[in-house]
Structure formats: C-alpha cells, structure tokens
Amino acid sequence: MAHTFELWIGALLTLMIFSFLYKDNPFYKFAEHLFVGVSAAYWMVIGIWSTLMPNLVGRIAPNALQGVINMPEDAQPQYHFIVPAIFGLLMLTRLVERISWLSRWAMAFVIGFAAGTNFTRYLQSDFVGQIYNSMLPLVVVSSGHVAIGATFSAIVLIVGVISALIYFFFSKEHTGAFGATSRLGIWFLMVAFGAAFGYTVMARISLLTGRMQYLGEWLATIF
Amino acid sequence: MADDRPDKEQSSRPRKGVIDVLKAIDRRIIFLLITLGVVLPLIFHLVFSVRTSPIVQAIFDKMESLPPGSKVLVSFDYAPSTVPENQPMAEAICRHALAKDFKVYMMAVWATGPPQVDALVTNVIERDFPGKVYGKDWINLGYKAGNQGLINAILLDLKGMYTTDVHGDPIDGFEMMRDVQNLADMSLIVCIGSGFPGVREWVQFAGDPGRIPVAGGVTAVEAPLLYPYYPRQLLGLMGGLQGAAEYESALVLKYPQYKEHAEQAVRLMGPQTVAHLVIIAFVIIGNIAYFGERSRQKRAKKA
C-alpha cells in the first residue's frame, strides 16, 4: 500500500514536470517549487545529521549523542574540535553587518585548506599526469608486428593534442603552417564537442527511459 | 470588392516550400517522436546485442585477474536522478565481485549514495547471493561528509574515519575489517559516480598518490571528461548506459547463470538506440533546412 502511494506521488510529479514540454503551466510550477523546497530541506537535514552531529557535536560531547546517531560506545571527547566549532560560528557573523568581517577568518581557513589540498593533487594528476599520458610511442609494436590500430590512435592523439594546444597559443599570429595547424586544432575541438554532445544525448535519453519505466510500473498498478 | 480579398492575399503570400515546413516543425512533435522512440521499444522489448569495448573490458579483465578474497572497494557517488545509468554499473560490478568471492567494501562520498546501496543489496545480494555474510563477504560503511578530504584521509587511515559501519556497529567487530588499515589494502577501487566528488577525485586523491588501481563508472555527460585518464591513471571506464551494458554483456558471457537479472542496461539500450536514430534524423532534417535556406538566400541575392 505504502509503495503504491509512493508510486502515485512519483508518477503524478513526473507527469507534472513533463507537462512543461507542452507549455508552462501551474502543475509544472507546483512540481518545480515542491522539488526546490524538498531539496533544500533534505540537504539541511543531511548537513545536520551527517556532518554537524557526527563530526562536531559527536567529537566534543559524544555522550550527548549516544543512541541518537551511530557512534562507538567508547568514544572520548576530543576538545580540540572546539576550534572548528568557533570557526563555524564565525561564519554566522555574516548575518550581522557590523561584525561580518570576522567570517573572513573562517573563509580564509576553508580556502587555504582547499587550495593547499587540491593544488598538489591537481598538479600530480591533471598536469604532470596528463603530460605523461600524452607521451606515447608513435609506432606501437605488438608481438613483433606494427599494431596498425594502436599506431593510428597514438598518431591521432599526438596530432590532436599538439594542434589543439597551438589553437590556444595566442602569442604568435595564426598564419602559415602555424595557422593551418591551429585550424586543424579547431577540427579536433569540434569533434570533441560533438562527442560530448552525443554523450549528453545518451545521458538524457537514459534518464527519460528510466522515467518511462517508472511510469510503466505505475500504469501496471492501475490496469 | 470584399469577395476577392482572400484570393488577393493568397496570391501575394509566398507559397510554403519544403524548406519552410522543415524550419517550422513544432518542437512538441520532436518531443512526441522521441517519447515514442523510447516507449515503443520498451513495450515491444526491443533488445540489441552489445559488444564490450576495450575500455570496459579492461575493468572486467582486472576483476577476473584478482584471486578470490581480494578486497574491492565500491563507492556509490551518485543520486537517484542518475540511477538509470549508474545503478546497472554498480550492480554489475558487485555481482561480478561477489561471484568471484571478493570482499566487497561499499561506501559513499555522496549523501545520496547509501539508499542506492540498499537497492543493490535487495537486487543483487539477497537475490543472487543469499549465502554471502554481512561483515565477512561484504560490508556497508555508509556515507561520510568531506568530499575529496575524506578520500585523502582514508588513503592513510580508513579506520580513523570509519569507526562504525552504516548501522553503528564497531568496525573492528567485522572479520573483513580486521586486516584493513587504509585504501592501500584494497586490490581495486571502483567509483560509480555522476559528478563531484567522483571518479576524478578518486584518481587524484587515492589512485595516483597511493598507486591503487582505480576504475570508474560514470554518467554519459561526465565520460568525455574522464577519457584522458585512461589507461594510465584509470584502468577502465564505463561511460553511461552503453558502458553499463558493455560490462553486463561481458559478465553474462562469462557467467550466464546471472543472465536473468544482470541485463538491465542491455535491455535499456533498445530505447536508447531508437531514440538516437530519431535525433539523428532530426539533425539531418535540420541540416537540410539550413543548407536549403542558405541556397535559397543565395539565389534570391543573385536575382
């Protein structure tokens, strides 16, 4: 019974959202606003019970949350978590204009931590790692023979990387051989955008198929 | 005088050619045809055979190469909105891992991940592997906040972050957790993701620094952004529904006993193919209209 009720709610909301494809209407507006409101409430509750309670309150006063959230029974108070608690409270000073500047301290900490943590990882994985990934042998030999397919792929990759990089090199005028390579780079970029568009279509159709299956399940409960 | 006005208007109005008709196609007709392209194959169970590509086969081969008892961590980093794409991937990977007698560690860096684990438990473990024991063969570590910071932390100290499982039971009480200290103890990490944090963060914060094999399954929108990591940083990638269908094909080919429940994505590729054909047809129609209009304008200029 409960499942059928959920199915009806889900199906009716799906139809309300789909009604926008015909034209904007109050049913669509209702479903849209409901989604925004429920999402905001959902993420607020998740924030409190998945982040604030276990990571802050549960560390400072674990006994207060025993039986309320998942906590080890022998958890001891970790009073140094008062420091992030103070930083968290400083964020709320944005609500009072006179002392809102205090929130910058907390923001500085967040930005500094994020920049420091991400910098090395991005440098290793996305900068050095990607350069390394582009350094491929132009002729791929497998079992003593030239692997035609792999060799072709390697050449396409190298030519694509170099020509696309040249397209974004603006310190030299794009004329002559340099300009021709730059134009080749545009072609590679266009192919990449086309592939990305194709993938996006696939993703959207997958979601539509999922919804249609859901509506089919709903209709099966009626007929 | 009044009687001949309609005739005059008709004669002064230019006749609508094919190009004008094509240019004026109502978008609702396109929506309707795409809907039919999806619904009809679903009703008539239109299924196409799917061949596994090397980038997906690489994940399957890696799983096949691991010995029984290997530790595989699966991270559920997606939300209900992308379940049609991501859930078949997660289920195929876990079905394969349990069939190979691996220890499966499930977790999520997305708050919306744990409900997907519950769905997987119902669809895969309870249905196909009722003999598998929780805490010995598989475990659900649940969701922790922290995004890439969490991955960074568990790379060095998993038990420091996960003191309990998703049900609140102490982590050290489970047999399969006794010899796990951090991510380096995992033979393979598979992230099923649909955004940030996702496969990229697992590569950046676990795979590359820890030299741990990482494979991914992502929504089709995200797949083009992750291909540059293959094969040196990402051992394989399932891109969208097609990637899921390819993995399911490889799985059913090797383990035909799971055919009945393990071909969700393969079944959905029928509607996918027909809908794509409809879109391709409209892209062609759009181009015909565009070039037709251009040549008409050129002719008009010459005249």
Side-chain angles (χ1 to χ4, degrees), chain A residues 18 21-23 42-43 45-47 49-52 54-55 58 67 69-75 113-114 117-118 120-126 128-130 132-136 149 157 161 192-193 195-216, chain B residues 27-28 31-32 34-35 37-39 41-43 81-85 87 111-112 142-146 148-149 152 163-171 200-201 203-205 207-209 219-225 227-233 239-242 265 268 271-272 275-276 279:
Chain A
F18 278 172
L21 295 175
Y22 183 70
K23 66 176 187 179
Y42 178 79
W43 286 112
V45 172
I46 287 286
W49 291 105
S50 298
T51 308
L52 209 59
N55 292 352
I69 59 167
N70 293 338
M71 294 273 300
E73 285 175 8
D74 57 347
F113 171 79
T117 312
N118 290 338
T120 49
R121 299 301 192 217
Y122 273 88
L123 200 65
Q124 184 186 355
S125 298
D126 284 358
V128 178
Q130 291 300 303
Y132 172 65
N133 286 350
S134 308
M135 291 182 178
L136 299 169
L157 194 145
V161 167
F193 296 150
F197 173 72
Y199 267 111
T200 306
V201 168
M202 182 159 79
R204 302 301 175 236
I205 297 296
S206 303
L207 302 187
L208 177 64
T209 311
R211 278 295 86 191
M212 288 301 164
Q213 271 192 319
Y214 186 90
L215 289 176
Chain B
R27 64 191 168 90
R28 282 167 286 205
F31 296 151
L32 182 68
I34 289 175
T35 306
V38 168
V39 172
L42 277 177
I43 293 171
S81 57
T82 59
V83 157
E85 286 187 279
Q87 194 72 9
T112 46
Y143 161 74
K144 289 269 181 221
Q148 69 271 47
N152 200 31
T163 51
T164 66
D165 73 341
V166 73
H167 308 296
D169 297 320
I171 210 83
R200 185 197 294 252
E201 284 66 38
V203 169
Q204 288 174 334
F205 290 86
D208 281 354
T219 54
V221 171
E222 212 192 345
L225 305 173
Y227 278 119
Y229 294 95
Y230 171 79
R232 289 179 174 169
Q233 292 169 284
L241 196 67
Q242 172 71 20
L268 293 182
Q272 184 77 242
H276 272 242
I279 290 166

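Small disclaimer: the values here were computed from a predicted structure and weren't measured. Residue numbers start from 1 in every chain, and the chains themselves are labelled A, B, ... in the order their sequence lines are given, proteins ahead of strands.
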Honestly, the part of Val83(B) sitting under 4.5 Å from a heavy atom of chain A is neither
Bottom line for Asp165(B): the part with an atom under 4.5 Å from chain A's heavy atoms is backbone
Scored by heavy-atom pairs under 4.5 Å with chain A, the best of Val203(B), Val166(B), Leu225(B) is Val166(B)
Under 4.5 Å to a heavy atom of chain A? For Gln242(B) that would be both
On a heavy-atom basis, the closest approach of Tyr22(A) and Arg27(B) is O-NH2, 3.6 Å
Okay, Leu241(B) and chain A: the region with an atom under 4.5 Å from a heavy atom over there is both
Under 4.5 Å to a heavy atom of chain B? For Tyr132(A) that would be both
side-chain contact (heavy atoms from CB on, under 4.5 Å) between Gln204(B) and Thr120(A), intermediate numbers included: CA-CA 9 Å; Gln204(B) 288 174 334; Thr120(A) 49; over 6 Å; no
When the 4.5 angstrom heavy-atom criterion is applied to Thr219(B) and chain A, the contacting part is neither
Separation between CG (Asn152(B)) and OG1 (Thr117(A)), nearest 0.5 Å, reads 6.5 Å
When you look at Trp43(A) and Thr112(B), which way does the side-chain contact (heavy atoms from CB on, under 4.5 Å) test go after all the steps? CA-CA 10 Å; Trp43(A) 286 112; Thr112(B) 46; 4.0 Å; yes
The interface call for Tyr143(B) against chain A, heavy-atom contacts under 4.5 Å, is side chain
Between Pro209(B) and Arg121(A), the two heavy atoms sitting closest are CB-NH1, 3.5 Å
Whatever's closer than 4.5 Å to a heavy atom in chain A on Tyr227(B) counts as side chain
Okay, Ala111(B) and chain A: the region with an atom under 4.5 Å from a heavy atom over there is both
Bottom line for Pro228(B): the part with an atom under 4.5 Å from chain A's heavy atoms is both
Please determine whether side-chain contact (heavy atoms from CB on, under 4.5 Å) holds for the pair Leu21(A) and Arg28(B), giving the CA-CA distance in whole Å, both sets of side-chain angles, and the decisive distance to 0.1 Å. CA-CA 7 Å; Leu21(A) 295 175; Arg28(B) 282 167 286 205; 5.8 Å; no
Sorted by chain and number, sequence neighbours left out, side-chain hydrogen bond (donor to acceptor under 3.5 Å, both in side chains) with Asp208(B) holds for Ser125(A), Gln233(B)
Candidate pair Asn133(A) and Tyr230(B), rule side-chain hydrogen bond (donor to acceptor under 3.5 Å, both in side chains), full reasoning = CA-CA 8 Å; Asn133(A) 286 350; Tyr230(B) 171 79; over 6 Å; no
Max heavy-atom pairs within cutoff under 4.5 Å with chain A, candidates His276(B), His167(B), Arg232(B), goes to Arg232(B)
Ranking Phe18(A), Tyr42(A), Phe113(A), Tyr122(A) by heavy-atom pairs under 4.5 Å to chain B gives rank one to Tyr122(A)
Smallest heavy-atom separation, Tyr199(A) atom then Ala223(B) atom, equals CE2-CB, 4.0 Å
Which atom pairs, one a donor and one an acceptor, fall under 3.5 Å between side chains of residues 200-207 of chain A and the rest of the protein, sequence neighbours left out?
{"unit_1": "Thr200(A)", "atom_1": "OG1", "unit_2": "Ala196(A)", "atom_2": "O", "d": "2.8"}
{"unit_1": "Ser206(A)", "atom_1": "OG", "unit_2": "Met202(A)", "atom_2": "O", "d": "2.7"}
{"unit_1": "Ser206(A)", "atom_1": "OG", "unit_2": "Gln272(B)", "atom_2": "NE2", "d": "2.9"}

